[in-house]
Amino acid sequence: MAKEALIIIDIQNDYFEGGANPLIGSLEASENAKALLNDFRERSLPVIHIQHFSTRVGSTFFIPNTKGAEIHENVIPVGGEKVIAKNYPNSFRETDLLEYLQSNHITDLVICGMMTHMCVDATTRAAKDFGFTCTVIGDACATRDLKIQGSVVAASEVQKSFLGALSYFYSSVLTAKEYLVKME
């Protein structure tokens with residue numbers, strides 16, 4: 001029997017306006033993540049908050065013990081919800097995420113968060129490789145413009161490209177509304 005959990009990745013203050021690394025659409029994404037979070041709480045299903053702390057020399061955001069590294073107010077954890085600190089894009093790397101999911105007999109993951117092209121992508125691919133069924137909520141994720149070889153790739157194109165790549169094999173990709181209607 002399938003058992004579902006919500007994973008909220010790196011929805012932290014530095015990714016919002018006024019933060020050290022603001023993303024395009026972070027507020028809207030956090031509001032959609034909040035709707036998912038409320039749904040999981042109402043159904044008494046497991047919620048896992050992932051919080052990134054940068055340990056790289058020269059890092060400019062997610063610095064430990066700063067306001068920017070704190071989880072955003074729209075998705076603040078409450079008692080009983082698992083919070084996992086990580087230092088790499090893949091939320092499974094050098095954390096107890098896999099052990100926690102396995103010990104709680106979780107089979108299906110609903111994934112949202114930031115950044116789509118980095119931590120959401122890395123975590124979703126790893127989750128699938130570990131045998132989990134994954135659903136990424138695309139409009140509860142945010143990213144930013146990227147640069148390559150002197151060209152800028154707009155955040156909207158980054159978002160579509162990464163969600164499109166994940167939807168091929170690694171996950172289903174839904175909007176928050178599509179997911180919530182499906183759960184009614």
Side-chain angles (χ1 to χ4, degrees), residues 1-16 23 25-53 62 67 69-116 118-142 163 166-167 169-184:
M1 177 182 236
K3 185 174 178 188
E4 197 170 46
L6 175 64
I7 297 182
I8 301 174
I9 302 170
D10 300 350
I11 300 185
Q12 295 167 246
N13 292 329
D14 271 339
Y15 281 151
F16 291 80
L23 304 181
S26 56
L27 184 59
E28 296 85 355
S30 74
E31 289 167 349
N32 288 324
K34 181 178 181 177
L36 296 169
L37 177 58
N38 289 337
D39 174 68
F40 271 74
R41 286 173 175 165
E42 287 172 15
R43 293 189 289 141
S44 299
L45 292 175
V47 174
I48 301 102
H49 299 265
I50 307 295
Q51 186 175 18
H52 193 106
F53 293 102
F62 292 164
K67 181 80 174 162
E70 292 175 8
I71 293 174
H72 189 269
E73 65 185 1
N74 282 349
V75 293
I76 289 287
V78 297
E81 293 175 350
K82 179 80 169 160
V83 179
I84 295 176
K86 70 174 177 68
N87 305 116
Y88 299 96
N90 175 355
S91 299
F92 291 91
R93 184 175 172 187
E94 297 180 25
T95 71
D96 67 344
L97 178 58
L98 181 60
E99 178 185 325
Y100 178 81
L101 296 171
Q102 290 174 336
S103 68
N104 286 280
H105 310 288
I106 306 296
T107 59
D108 294 24
L109 301 175
V110 175
I111 300 169
C112 64
M114 302 174 183
M115 292 185 285
T116 310
M118 186 63 69
C119 299
V120 172
D121 181 70
T123 299
T124 302
R125 289 172 185 271
K128 177 69 173 181
D129 288 345
F130 283 124
F132 295 96
T133 300
C134 300
T135 301
V136 173
I137 308 302
D139 63 354
C141 297
L163 293 175
L166 287 174
S167 73
F169 172 79
Y170 286 95
S171 70
S172 298
V173 177
L174 300 174
T175 65
K177 184 177 181 178
E178 288 169 337
Y179 176 82
L180 293 170
V181 165
K182 185 175 143 183
M183 292 299 110
E184 287 180 351

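The figures that follow rest on heavy atoms only: side chains count, while hydrogens, waters and symmetry mates do not.
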Testing the basics here: between [X] and [Y], what is the closest heavy-atom pair and its distance to 0.1 Å?
X    : Y    : answer
L180 : A35  : CD1-CB, 4.0 Å
D10  : F62  : O-CZ, 4.2 Å
A69  : F53  : CB-CE2, 4.0 Å
R43  : Y179 : NH2-OH, 2.9 Å
T116 : C141 : OG1-CB, 3.3 Å

Interatomic distance, [X] atom [atom1] to [Y] atom [atom2] [nearest 0.5 angstrom]:
X    : Y    : atom1 : atom2 : value
I111 : C119 : CD1   : SG    : 12.0 Å
N90  : T124 : CG    : OG1   : 9.5 Å
I8   : S30  : CD1   : OG    : 10.5 Å
I9   : M114 : CD1   : CE    : 11.0 Å
L6   : C112 : CG    : SG    : 5.0 Å
S167 : L174 : OG    : CG    : 10.0 Å

If you apply the rule side chain to side chain contact (heavy atoms under 4.5 Å, CB included), what do you find for T123 with L109, and how did you get there?
CA-CA 11 Å; T123 299; L109 301 175; over 6 Å; no
Give every residue pair that meets the ring pair (Phe, Tyr, Trp, His ring centres under 6.0 Å) criterion with at least one member in residues 74-108, sequence neighbours excluded.
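Ring pair (Phe, Tyr, Trp, His ring centres under 6.0 Å) check on residues 74-108 returns F92-F130.
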Is any side-chain heavy atom of [X] closer than 4.5 Å to a side-chain heavy atom of [Y]?
X    : Y    : answer
K86  : R93  : no
L101 : I48  : yes
N87  : E94  : no
P46  : N104 : no
N32  : I137 : no

Can H49 and E81 be counted as having a side-chain donor-acceptor contact under 3.5 angstrom?
yes
Run the numbers on M183 and F40 for side chain to side chain contact (heavy atoms under 4.5 Å, CB included), then give the verdict.
CA-CA 10 Å; M183 292 299 110; F40 271 74; over 6 Å; no
Who pairs with D14 by salt bridge (charged side-chain N to carboxylate O under 4.0 Å, His left out), at least two apart in sequence or on another chain?
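Testing D14 for salt bridge (charged side-chain N to carboxylate O under 4.0 Å, His left out), a comparison that skips the adjacent residues, returns none.
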Starting from the C-alpha separation in whole Å, work towards a yes-or-no answer on salt bridge (Lys or Arg N to Asp or Glu O under 4.0 Å) for D121 and R125.
CA-CA 6 Å; D121 181 70; R125 289 172 185 271; 2.8 Å; yes
side-chain contact (heavy atoms from CB on, under 4.5 Å) partners of E31, counting only residues at least two apart:
L27, N74
Any salt bridge between D96 and K82, counting N to O under 4.0 Å?
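Salt bridge: yes.
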Working for side chain to side chain contact (heavy atoms under 4.5 Å, CB included), residues H72 and Y15:
CA-CA 9 Å; H72 189 269; Y15 281 151; over 6 Å; no
Counting heavy atoms not belonging to K177, are there more than 12 under 6.0 Å from its NZ?
no
Tell me, with the steps shown, if E4 and T135 meet side chain to side chain contact (heavy atoms under 4.5 Å, CB included).
CA-CA 10 Å; E4 197 170 46; T135 301; 5.5 Å; no
